[in-house]
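Worksheet: one structure, shown below.
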Amino acid sequence: MLPLLLFLLFAVTTSAATQPSRNSTTGVGGVNSNSILVALLDSHYTELAELVEKALLLPTLEHVVGDNNITIFAPRNDAVERGLDPDFKRFLLEPGNLASLQSLLLFHVVPRRIHSSHWPRRNYKTQSSPIELSSSSSVHRTLCRDEQIRLDRDASHHKVVHSVKVVKENDIVRVDGVIHGIERMLVPESVISEFNRRRSLRSIAAVLPTGAPEVDPRTHRLKHPAAASASVPAGAPPVLPVSDALAPGPSIAPAPAPGPGGAHHHFDGEAQVKDFIQTLLHYGGYNELADILVNLTSLATEMGRLVSEGYVVTVLAPNDEAMAKLTAEQLSEPGAPEQIMYYHMVPEYQTEESMYNAVRRFGKVRYETLRLPHKVTAEEADGSVKFGEGDGSAYLFDPDIFTDGRISVQGIDGVLFPAEENAKEAVTTKPTVARPTAKVVAKPRRGKLLEVACHMLGAIGQDSRFTSCLL
């Protein structure tokens, strides 16, 4: 009788002790606060918990936890964040591939309790002769449709799940489940097949049909098959003019023309522009120009790209004395420094000798500039070359400061502006001449009484006798 009473007292005490834990719930649905699902969300497996929330799997897991004990194989955070292939991770996180992400995560959950002691063991013949006789493995159904995982041990006798090493056995243990830490993610065959199918379709869709017309993104014109297939000889100039390389920017200019120098047998424009800037600084008197090219604008970088792509350029470089004459109004407008410098860049390779010979032979020569469609005029004057016209002209002051076959720098003693801007500036600064105003003499005003009298005299025809009535 006494043993029976003790047994009943123990049963009542156990029921009362467990009752509060059953009624205490957390914010995750109606699961117990001591549930393995709550432990997962609060654990250090933050990447897996975040994916579970993104995949909208919380209701599904709550239902499973309410009916069964579960086992979760949780990969480490770095395995989820950096261990996955970037294309595969992008595929999983696309909104249209939610089903694949859910399948991947459910593949890590087994609807039964698997403790570390439940792993199969490897059997050996004897201790002195460790020849393996058998290796048993256990297969368990997962929540991922019909997919199954296999528990086994590797050659080093480490526990593995689906060939992935278990790094933390029984890491988190709760009444309704267990979490084991694994080395990397488990990927079911169904998700791999779906990913490969999508990738193959994408690669097929990216192939243009044979003979389809191609549009050049820089010129917006159809490419000619013969021109596209023709090889550019070494050192040849670019196919497109420099204006196409500058619009909308050198970053999408034509492909580099093969030439000497550089790691890929292209022109090393960046190094050449650096040499050109260093030469300006060492030469002296052109610090303002170097500052504009490097600091105030990105023209030095653009010049480097142009030279790397096979173009040549001649810079008409105003000295510091000329740059000091620029007003704040001329430099304050957006893009003004770039436009001024573009007008001083000629997309040809010219030296002092070649320009002087040209103006001696042809008189006036108009050179194209990078400031389209403006051109700069050159002519012979006093045994030198004069650029521009009128008061806005400048003389070739320091010839051949830098000449390397791709970049030529010629020093001038003034800042050049297009002829239209010079004319407009002259109109705005022209003094206004005051016109003489004609003298206006006011007529004498008659009084009211005199006006009435003149009116009465006019009625009888006698107003002409009085001079006051004739005014």
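These numbers come from a predicted model, not from an experiment.
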Worksheet item: So R406 and D404, salt bridge (charged side-chain N to carboxylate O under 4.0 Å, His left out) or not? Walk me through it.
Response: CA-CA 6 Å; R406 310 299 301 175; D404 68 345; over 6 Å; no
Discussion item. Consider side-chain contact (heavy atoms from CB on, under 4.5 Å). Of L61, I70, L57, which one does L143 pass it with?
Written reply: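 One option only clears the test, and that one is L61.
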I'd like to know if the side chain of [X] and the backbone of [Y] have a donor-acceptor N/O pair within less than 3.5 Å.
X    : Y    : value
T369 : V346 : no
D291 : L296 : no
H157 : R153 : no

Discussion item. Tell me which pairs pass salt bridge (Lys or Arg N to Asp or Glu O under 4.0 Å) where either residue lies in residues 162-180, with sequence neighbours left out.
Written reply: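 Those involving residues 162-180 are K159-E169.
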Worksheet item: Residues in side-chain hydrogen bond (donor to acceptor under 3.5 Å, both in side chains) with D67, at least two apart?
Response: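 Scan of D67 (side-chain hydrogen bond (donor to acceptor under 3.5 Å, both in side chains), adjacent residues dropped) gives H63.
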With distance as the sole criterion, is a donor-acceptor pair present between the side chains of [X] and [Y] under 3.5 Å?
X    : Y    : result
S116 : N170 : yes
H140 : T142 : no
D275 : Q278 : no

Worksheet item: Can you list the steps and then say if E94 with R90 is a salt bridge (charged side-chain N to carboxylate O under 4.0 Å, His left out)?
Response: CA-CA 6 Å; E94 289 178 356; R90 192 180 307 114; over 6 Å; no
Item to complete: Let me see the working for Q410 and S408 under side chain to side chain donor-acceptor pair (under 3.5 Å), right down to the final yes or no.
Response: CA-CA 7 Å; Q410 307 296 325; S408 173; 3.0 Å; yes
Worksheet item: Taking the side chain as C-beta and beyond, is there a heavy-atom pair between V160 and V166 under 4.5 Å?
Response: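 Not touching, per the 4.5 Å side-chain cut-off.
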Item to complete: Under the salt bridge (charged side-chain N to carboxylate O under 4.0 Å, His left out) rule, what do R305 and E302 come out as? Steps first, then yes or no, please.
Response: CA-CA 5 Å; R305 291 175 179 173; E302 292 186 13; over 6 Å; no
Item to complete: Mind checking the CG-NE2 spacing from N77 to H44? Nearest 0.5 Å is all I need.
Response: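 Spacing of CG (N77) from NE2 (H44) equals 7.5 Å.
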Worksheet item: Are F73 and H180 close enough that their ring centers fall under 6.0 Å?
Response: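 Yes.
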